[in-house]
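Start at 1 and go down the list; that is how both ligands and their atoms are numbered.
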Amino acid sequence: MKRIVILISGRGSNMLSLLESDLPVEVCAVISNRPDAAGIEIARNRGIEAFAVDHRQYSSREEFDAALSAKIDAFSPEIVVLAGFMRILGNDFVARYSGRLVNIPPSLLPSFPGVDTHRRALAEGVKIHGCTVHFVTEQLDHGAIIIQAAVPVLQEDSAETLAARVLAEEHRIYPQAIRWLAEGKLKLADGRVFLESPGDPPAALIHPPLSP
Ligand code: GAR
């Protein structure tokens with residue numbers, strides 16, 4: 001069982017999808033940068049230690065990052081999972097967990113890094129949108145890609161309906177990525193992720209499959 005710490009900022013639906021996926025991991029703690037994050041209560045109700053490290057209590061990003069990593073390190077996790085964590089982490093923090101820090105942005109990287117991804121995807125008129133699980137590097141939303149899921153963008157979509165369709169895919173691909181990571185099946189080479197076992201599910205999902 002790999003020890004993991006999950007970082008959240010809000011409702012925690014990705015966190016919950018991990019908790020409910022029967023993964024070969026022990027979730028040691030859930031930490032939020034916002035004390036009012038709904039996910040804290042959800043984790044506690046499942047018997048998981050959950051608390052906030054409030055970024056507003058620190059005068060600089062470096063101080064916050066240092067306080068956060070001290071809390072994380074107290075649990076000696078092998079994997080640190082960003083699940084809707086909405087703070088940018090500094091270079092020292094990222095380097096400390098290099099190769100074992102993963103994130104899920106709601107976009108098909110390298111398209112639409114950052115925030116407000118669904119509205120931006122609609123504004124660009126893209127026909128396919130989705131989500132990505134990747135290793136975190138110093139550059140925002142720009143690390144080796146582990147798995148992606150794509151959904152069609154529909155004519156009638158609003159940012160909300162598109163977000164909901166993408167979120168359902170997030171809940172499928174994040175557990176898969178963490179399972180691969182926990183089982184040691186991912187290999188990094190030349191900035192790319194390779195999956196070791198040919199029998200495993202594909203790392204690219206299109207849902208629903210596009211009809212001709
Ligand atoms: C998710 O859609 C996640 O992809 C996104 O925030 C949402 C959190 O939802 N993350 C980012 O935008 C990271 N930059 P959740 O709290 O219900 O998991």
* Asked: Would you say R61's side chain and R87's backbone share a donor-acceptor pair under 3.5 angstrom?
  ->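 Judged by distance alone, no pair lies under 3.5 Å.
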* To do: Indicate yes or no for a side-chain donor-acceptor contact from T132 to the backbone of S107 under 3.5 Å, with no hydrogens or angles considered.
  =>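 Checked: pair present.
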For [atom], closest protein heavy-atom neighbour:
| atom | value |
| --- | --- |
| atom 12 (O) of ligand 1 | P106 CD, 3.4 Å |
| atom 7 (C) of ligand 1 | R11 NH2, 4.1 Å |
| atom 16 (O) of ligand 1 | G12 N, 2.9 Å |
| atom 11 (C) of ligand 1 | M86 SD, 3.4 Å |

* Using side-chain contact (heavy atoms from CB on, under 4.5 Å) as the criterion, point out the one residue from N103, V102, V94 that pairs with F135. =>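 Exactly one pass, corresponding to V102.
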* Is E78 paired with R3 through a side-chain N to carboxylate O contact shorter than 4.0 Å? ->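 No, no charged N to carboxylate O under 4.0 Å.
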Of all the atoms in ligand 1, which lie at a distance below 4.0 Å from a heavy atom belonging to [X]?
| X | value |
| --- | --- |
| E170 | 1 (C), 2 (O), 3 (C), 4 (O) |
| S13 | 15 (P), 16 (O), 17 (O), 18 (O) |
| G84 | 6 (O), 8 (C), 10 (N) |

* Test side-chain hydrogen bond (donor to acceptor under 3.5 Å, both in side chains) on T161 and D157 and set out the steps. => CA-CA 6 Å; T161 59; D157 264 330; 2.6 Å; yes
* Does at least one non-hydrogen atom of I104 fall below 4.0 angstrom from an atom of ligand 1? ->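 Yes, that is the case, since the closest heavy atom of the residue is under 4.0 Å from the ligand.
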* Nearest non-hydrogen partners of C28 and E49, listed with the distance ->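 Looks like O-CB, 4.0 Å.
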